[in-house]
There are 2 protein chains.
Amino acid sequence: MTENQETPDRTLGRPRATTHDVLAEIGVELFTRHGYEHVSVQQIADAAGVSRRTFFRYFPTKADLPWGDFAREVERLRGELALVPDDIPLMAAVRHAVVEFNRVPPEAVDQHRARLGLILTEPELIARSLLKFRDWRQVIAEFTARRLNLDPTSFFPELVGEVALSAAVAAYRQWIPSLDTDLSTFIDTAFAAIVDLDRLEQGVAAQLSMRLDTRGRDHRRITGTATIQEMQESQEENADETR
Amino acid sequence: MTENQETPDRTLGRPRATTHDVLAEIGVELFTRHGYEHVSVQQIADAAGVSRRTFFRYFPTKADLPWGDFAREVERLRGELALVPDDIPLMAAVRHAVVEFNRVPPEAVDQHRARLGLILTEPELIARSLLKFRDWRQVIAEFTARRLNLDPTSFFPELVGEVALSAAVAAYRQWIPSLDTDLSTFIDTAFAAIVDLDRLEQGVAAQLSMRLDTRGRDHRRITGTATIQEMQESQEENADETR
DNA sequence: AGACTAAATGACACTGGGTGCCAATGCAAT
DNA sequence: ATTGCATTGGCACCCAGTGTCATTTAGTCT
C-alpha cells in the first residue's frame, strides 16, 4: 500500500539513479517557481539526471509529486483514530484524530506549506487531490461505521468522512498563506465551527478571530484550542474590519 | 459565463454540424457503456459525424461532457439563494436553497442520475469535479459572506461552502444507486444530519432509514422531509441489519 | 445568376503526459 | 572473467489538447 521502500536490500542489480524524495523536491521547487503546467516531466527528469521514462517508474503521475507517500499518511490517520478511547464521542474522536494527524514538526512546516499550497492552488493538482483525499475520507468513514456498527458505504459514515475532509481543507486554505506555524489549531477550530454551525449562524462573526488578510499576510495567532465561546467573545472588536 | 448560446442569430456563415447536447449525449452514452477512459474523443467525434478538432470547439475537455451547462447551474444556485428571505437563519437558508437547486424534473431524472453517476464514479471525472464544484462552493461562500458581512475568502464562508458541498455530494452518492426519484429529499436529510452532527453521534443509528443496499438496489423511500427525530425513531427496526 | 461575406469545419502539425517493450548498464556474487 | 539481476534509457506509440490555415456552406448583395 505505502510507497515502495527506498532501501529493501540494495545489493543486487543496477543501483538506483534517484529517489522519490529527490524527484519530489525538484518537482515542488520547479512547480513553485514556474507554475505546475509550465514545468514538463522532461525538465524534472533532466534536473534529477534521469530519463523521462525513469521518472514514471518513481511516480505514476506528474501530479503525484507534491503528495509524498500519502498512502502512509492515510495509514497514520487510521492509527490516530485507533488510538482514541472508545468512550470519546464520535465527532470528538474524529476531531481529535484529525487534529493530531495534522501536527507538523517545526522543521517540516515550510515544506508542508509549500506542498499544500501547490495542491490547493494549481488547478491540475486541485483536481487530483480529490482522488488522494478519497482514501483519507474512507478511513474516517470506516472508523465511523465501526463505531456505529454500520456499513462504511452507507450514508452517515460517508457524510462524516466528507465533513471531516471539509474541515481539514478549509483549515488548510486559511493556514497556507498565514505565517502561523501551528496547523493543528486551524483544524481544531474548523471542527469546532462545524459542530456548532447552527449556533454560529445567527449574525455571529465568530470566525473573525481566525480571519486573515491574505494579501497582507497578517494573521492573528490563536493560542491553544479555540472554543466557540472564545471565538464569539472576540466578535465585537473585529466586527467592523470587513470590507 | 454560461455556455455559448446554441442559436444566437444563425443566419450567416456555414451552419453548425452538431450541438453541445448531441455531443454530450453521445459521450455520456459511450462512457456509461465502455467506461470513460476506454472512449476516445475521436470515437465521440466520429459518432457525431464531426472532426476531432470540432469536438474541442464545443467542449474544452473530454471531462466536460457530463456537466452540461454547469455555469448556468451555478447561476441557478445563486438565484435560489437570492430568493430566500433574509430572516431565515444562514444554515437554514443554505439548506433550503440547495434543496431547491436539486429538484430534478421527473423526465430528467434518468439522465441526471447517469451523469452524476459518471461524475462520482470515474476517477478522471471525480478529479475534474472538484474544479467544477469550486464555483458552486464559492456561490455559497459569497452568500454566507454577504449575510455575515465578511470577506468571501475568509474562514467561515469558505467552511460553509465546503460543508454544503459535502452534504450535497454525500447525498448524491446515496441517491445515484437508489431507485428513488426524489433527490432533494436526500439533500435535505444530509443537511439535517450535518446540523445535528454532535447530537447524532452518540450511538444513534439514525441514518439507517436512509441507508440502502447498493448491490441489491433496495432503497427505502423517505416520505417528505425527514427530520432527525424521524430518523432516530426508525433506529431500532434497522439496528441489526448491518453486515 | 454570380460574386461576396462570414461562421464554422476539417486537416495538419505539434506539445506533453503516460505506457509497453526491449536492449543496455552497473554492481555483486561466484 | 563471467554470470545474475534490478534498474535504467531509448524508442515507438496512444491520447488529450492547441495553433494555424485552407476549405466548406450557407445567406446576402448586386
Side-chain angles (χ1 to χ4, degrees), chain A residues 3-24 26-27 30-31 34-67 118 122-129 131, chain B residues 3-24 26-27 30-31 34-67 118 122-128 131-132:
Chain A
E3 215 153 69
N4 284 332
Q5 52 277 26
E6 214 84 80
T7 320
D9 292 343
R10 291 309 331 109
T11 166
L12 248 56
R14 179 173 174 170
R16 293 181 174 279
T18 186
T19 64
H20 289 91
D21 286 347
V22 166
L23 288 173
I26 292 174
L30 291 178
F31 293 162
H34 305 115
Y36 179 82
E37 55 181 1
H38 294 118
V39 178
S40 69
V41 171
Q42 185 69 66
Q43 290 169 7
I44 299 167
D46 288 348
V50 143
S51 77
R52 207 178 87 97
R53 190 65 185 84
T54 291
F55 171 91
F56 284 112
R57 289 197 180 97
Y58 283 79
F59 290 93
T61 293
K62 181 183 166 189
D64 282 300
L65 277 175
W67 287 90
L118 282 172
E122 292 284 352
E124 187 61 33
L125 293 175
I126 291 176
R128 297 294 149 183
S129 72
L131 296 176
Chain B
E3 213 154 70
N4 284 332
Q5 51 276 27
E6 214 84 80
T7 320
D9 292 340
R10 290 310 333 106
T11 168
L12 248 54
R14 179 173 175 169
R16 294 183 174 280
T18 187
T19 63
H20 289 91
D21 285 348
V22 167
L23 288 174
I26 293 175
L30 292 178
F31 293 162
H34 305 115
Y36 178 82
E37 56 181 0
H38 294 116
V39 178
S40 68
V41 171
Q42 184 69 67
Q43 290 170 8
I44 299 168
D46 288 348
V50 140
S51 78
R52 208 179 86 93
R53 190 64 185 84
T54 291
F55 171 91
F56 285 111
R57 290 199 179 97
Y58 284 80
F59 290 92
T61 291
K62 180 183 165 189
D64 282 299
L65 278 174
W67 287 89
L118 282 173
E122 292 284 352
E124 188 62 32
L125 293 175
I126 291 176
R128 297 295 149 184
L131 297 176
K132 295 284 188 180

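None of these values were measured; they are calculated from a predicted model. Side chains included, hydrogens not; waters and symmetry mates left out as well; all remaining heavy atoms used.
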Starting at atom [atom1] of [X], determine the distance to atom [atom2] of [N], rounded to an integer number of angstrom.
X: B/K62; N: D/dC15; atom1: NZ; atom2: C1'; result: 8 Å
X: A/F56; N: D/dG10; atom1: CZ; atom2: C1'; result: 15 Å
X: B/D46; N: D/dA16; atom1: CG; atom2: P; result: 12 Å
X: A/R128; N: C/dG17; atom1: CZ; atom2: P; result: 12 Å
X: B/D64; N: D/dA16; atom1: CG; atom2: C1'; result: 12 Å
X: A/E124; N: C/dG16; atom1: CD; atom2: C1'; result: 12 Å

Only counting residues at least two apart or in another chain, list the ones meeting side chain to side chain contact (heavy atoms under 4.5 Å, CB included) with [X].
X: A/Q42; value: A/S40, A/D46, A/R52
X: A/L30; value: A/I26, A/R33, A/H34, A/V39, A/I44
X: B/A24; value: B/F59, B/L65, B/R115

Check: B/A63 main-chain N/O paired with B/Y36 side-chain donor or acceptor under 3.5 Å: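 Side chain of B/Y36 to backbone of B/A63, a donor-acceptor pair under 3.5 Å: yes, one is there.
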
Considering all heavy atoms, the nearest B/P123-A/L131 contact: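 Smallest interatomic distance, heavy atoms only, reads O-CD2, 3.4 Å.
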
Would you say [N] has OP1 or OP2 under 4.0 Å from some side-chain N or O of [X]?
X: A/S51; N: D/dG10; value: no
X: B/T61; N: D/dG17; value: yes
X: B/Y58; N: C/dA8; value: no

Close residues, residues 36-44 of chain B, relative to DNA chain D [heavy-atom separation under 4.0 Å]: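 Only B/V39, B/S40, B/V41 qualify.
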
Spacing of CD belonging to A/E37 relative to NZ belonging to A/K62, to within rounding of 0.5 Å: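 That separation rounds to 7.5 Å.
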
Nearest-0.5 Å distance, OG1 of residue B/T54 to CG of residue B/L23: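 Taking OG1 in B/T54 and CG in B/L23, the distance rounds to 9.5 Å.
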
Per-nucleotide protein contact string for nucleotides 21-27 of chain C, where B marks a base within reach and S marks sugar-phosphate only (heavy atoms under 4.0 Å, - for neither): BB--BBS

Pairing residues for A/E124 by the salt bridge (Lys or Arg N to Asp or Glu O under 4.0 Å) criterion, not counting sequence neighbours: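 A/E124 satisfies salt bridge (Lys or Arg N to Asp or Glu O under 4.0 Å) with A/R128, B/R128 once adjacent residues are dropped.
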
Base of D/dG10 paired with side chain of A/R52 (donor-acceptor, under 3.5 Å):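 Check fails, no donor-acceptor contact within cut-off.
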
Pairwise side-chain contact, A/W67 with A/S129, heavy-atom cut-off 4.5 Å (strictly under):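 Yes, their side chains come closer than 4.5 Å.
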
